[in-house]
Trainee: 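This is the structure I want to talk about, given as structure tokens.
Order of the sequence lines fixes the chain letters, A, B, ..., with proteins taken first and strands second; residue numbering starts at 1 for each chain.
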2 protein chains.
Amino acid sequence: MDITTQDIPETVTSISQAAELTGLTEDTIRYYERIGLLPYADRKPNGHRQYSKDQILGIRFLLRLKATGMTLEEMRHYLELTRQGDSTLSERYTLLEAHNDYIAREIAKLQETQDVIRYKLRHFRELAENPNTDAYDCEVPGDSGR
Amino acid sequence: MDITTQDIPETVTSISQAAELTGLTEDTIRYYERIGLLPYADRKPNGHRQYSKDQILGIRFLLRLKATGMTLEEMRHYLELTRQGDSTLSERYTLLEAHNDYIAREIAKLQETQDVIRYKLRHFRELAENPNTDAYDCEVPGDSGR
DNA sequence: GCTTGACTTTGAGCATACTCCAAGTAGTAC
DNA sequence: GTACTACTTGGAGTATGCTCAAAGTCAAGC
């Protein structure tokens with residue numbers, strides 16, 4: 001993963017470059033700016049957007065939150081607090097902590113489903129080895145087997 | 001969690017009961033039937049839907065797939081294969097295996113983000129202990145700290 | 001000066017997954 | 001027979017998160 005920051009220049013001078021560095025499309029970056037998820041970006045004299053390295057890093061962090069289930073609106077709220085400065089630190093702490101708990105519950109859910117799927121895969125393999133052994137009508141993890 | 005099947009009667013005689021047993025709303029159950037995600041349910045003489053225990057268990061399994069990121073369309077496809085019988089077992093095996101891999105990648109992503117968030121939470125605690133120590137402009141996990 | 005390409009803004013359109021509503025029916029309670 | 005409740009169908013509307021298109025600007029190359 002890119003916890004590294006080495007691939008990012010100090011100044012990113014175009015939206016296409018920003019798109020490449022974040023994995024977003026240009027349209028999505030403009031959309032995020034429009035809905036206030038990203039602040040109005042600096043423009044060069046010709047009107048084109050430019051970004052600092054820190055802004056790109058900020059977007060990458062946002063995308064982590066998004067990839068782990070946070071909505072754009074929640075992210076927008078979090079960033080609004082960030083812009084308000086250190087007086088909101090404790091509220092931001094609470095929000096991040098809550099999201100971390102959410103992630104923990106998500107992981108638990110995913111692992112449970114992996115157990116169920118693995119059970120079914122094993123069952124499928126048994127069916128493939130000795131077919132129509134319909135005698136034991138396999139009952140359990142959330143489903144009747146087939 | 002309910003890996004148990006004990007709370008489900010052999011026959012579920014109304015959509016409201018089915019909703020309660022699956023956690024879906026009645027509207028969502030009807031919607032799933034409409035788009036072909038669920039088969040056309042048996043009706044009682046008065047036209048009301050009824051479900052077997054196995055059908056409820058089937059829905060619960062579906063909801064696991066959904067909760068772990070499978071789309072309704074993918075689920076619909078999987079169920080279509082199930083209806084086609086044992087000749088599709090190997091294809092279903094492949095699909096479930098792929099979904100299991102997908103879940104593994106999701107878990108990894110969630111855990112990475114937990115690491116980043118925990119880093120940030122630690123940083124917030126340090127800021128709270130000795131404020132405006134802006135000397136070390138903390139660099140890393142995906143963001144400039146504040 | 002004209003074309004090309006990378007950008008700009010604004011607004012409309014789209015995919016997914018519901019969610020709600022209107023109008024009607026069937027069975028029970030009184 | 002009237003009211004009430006739980007259902008039915010079909011269609012329309014909504015929220016989220018993009019995605020695309022039209023029309024225009026600006027700078028560089030020829």
Trainee: Would A:K66 and A:F61 count as a cation-pi pair here, with the cationic atom under 6.0 angstrom from the ring centre and within 45° of the axis?
Mentor: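 So A:K66 doesn't make the cation-pi contact.
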
Trainee: Rounded to whole Å, please give me the gap between OH in B:Y51 and P in D:dC7.
Mentor: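 Atom-to-atom, B:Y51 to D:dC7, this comes out as 11 Å.
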
Trainee: Within the 3.5 Å criterion, strictly below it, is a donor on A:T71 or A:E74 matched to an acceptor on the partner's side chain?
Mentor: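 Looking only at side-chain atoms, A:E74 and A:T71 do form a donor-acceptor pair, the distance falling under 3.5 Å.
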
Trainee: Write down the distance between CG (B:N46) and P (C:dA26), rounded to a whole number of angstrom.
Mentor: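 About 9 Å, once rounded to whole Å.
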
Trainee: Scan nucleotides 5-7 of chain C against the protein and return all N/O pairs shorter than 3.5 Å with their distances rounded to 0.1 Å.
Mentor:
unit_1: C:dC7; atom_1: OP1; unit_2: A:S14; atom_2: OG; d: 3.3
unit_1: C:dC7; atom_1: OP1; unit_2: A:S16; atom_2: OG; d: 3.2
unit_1: C:dC7; atom_1: OP2; unit_2: A:S16; atom_2: OG; d: 3.1

Trainee: Do B:S16 and B:S14 have side-chain atoms, one donor and one acceptor, less than 3.5 Å apart?
Mentor: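 The answer is yes; a qualifying pair exists.
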
Trainee: Could you check B:D27 against B:L72 and say which one's nearest nucleotide on DNA chain C is further toward the 5' end?
Mentor: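 The residue mapped nearer the 5' terminus is B:L72.
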
Trainee: Rounded off to whole Å, could you give me the CE-to-P distance for the B:M70 and C:dT16 pair?
Mentor: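 Going from CE in B:M70 over to P in C:dT16 covers 15 Å.
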
Trainee: Is the shortest side-chain N/O distance from B:Y31 to OP1 or OP2 of C:dC20 below 4.0 Å?
Mentor: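 For C:dC20, neither OP1 nor OP2 has a side-chain N or O of B:Y31 closer than 4.0 Å.
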
Trainee: Between C:dT8 atom P and A:R43 atom CZ, what is the distance in whole Å?
Mentor: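 Between P of C:dT8 and CZ of A:R43: 6 Å.
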
Trainee: If you measure from the Lys or Arg side-chain nitrogens to the Asp or Glu carboxylate oxygens, is any gap between A:R122 and A:E126 under 4.0 Å?
Mentor: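 Salt bridge between A:R122 and A:E126, a charged N being under 4.0 Å from a carboxylate O: no.
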
Trainee: Provide, to the nearest angstrom, the distance between the CG atom belonging to B:L37 and the C1' atom belonging to C:dA17.
Mentor: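 Spelled out: CG on B:L37 to C1' on C:dA17 is 11 Å.
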
Trainee: Return the value, rounded to whole Å, for the distance between atom CG of A:L24 and atom P of D:dT19.
Mentor: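 It works out to 10 Å between those atoms.
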
Trainee: Within this structure, what is the CE-CZ distance for the pair B:M75 and B:R64, rounded to the nearest 0.5 Å?
Mentor: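 B:M75 atom CE to B:R64 atom CZ measures 13.0 Å (nearest 0.5 Å).
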
Trainee: So, is B:Y32 close to the C:dA17 phosphate, meaning a side-chain N or O under 4.0 Å from OP1 or OP2?
Mentor: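 Negative; the distance criterion is not met.
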
Trainee: In whole angstrom, what separates B:Q50's CD from D:dA6's C1'?
Mentor: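 Answer to the nearest Å: 15 Å.
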
Trainee: Rounded to whole angstroms, how far apart are CD1 on B:I35 and P on C:dA15?
Mentor: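 These atoms are roughly 15 Å apart.
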
Trainee: Could you check whether A:R34 gets within reach of a base, just the sugar-phosphate, or nothing at all, counting any heavy atom under 4.0 Å?
Mentor: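 If one applies the 4.0 Å heavy-atom cut-off, A:R34 turns out to touch a base.
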
Trainee: Mapping B:P45 and A:E33 onto DNA chain C by nearest heavy atom, which one lands closer to the 5' end?
Mentor: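 Whichever sits nearer the 5' end wins; that is A:E33.
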
Trainee: Salt bridge between A:R30 and A:E33, side-chain N to carboxylate O under 4.0 Å?
Mentor: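 Answer for the salt bridge query: no.
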
Trainee: Between B:K109 and B:E106, does any NZ, NE, NH1 or NH2 come within less than 4.0 Å of an OD or OE carboxylate oxygen?
Mentor: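 Counted as a salt bridge, because a side-chain N and a carboxylate O are separated by less than 4.0 Å.
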
Trainee: Taking the side chain of B:K66 as heavy atoms from C-beta outward, which of D:dT19, C:dC18, C:dA17 is closest to it?
Mentor: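 Closest nucleotide among those given: C:dC18.
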
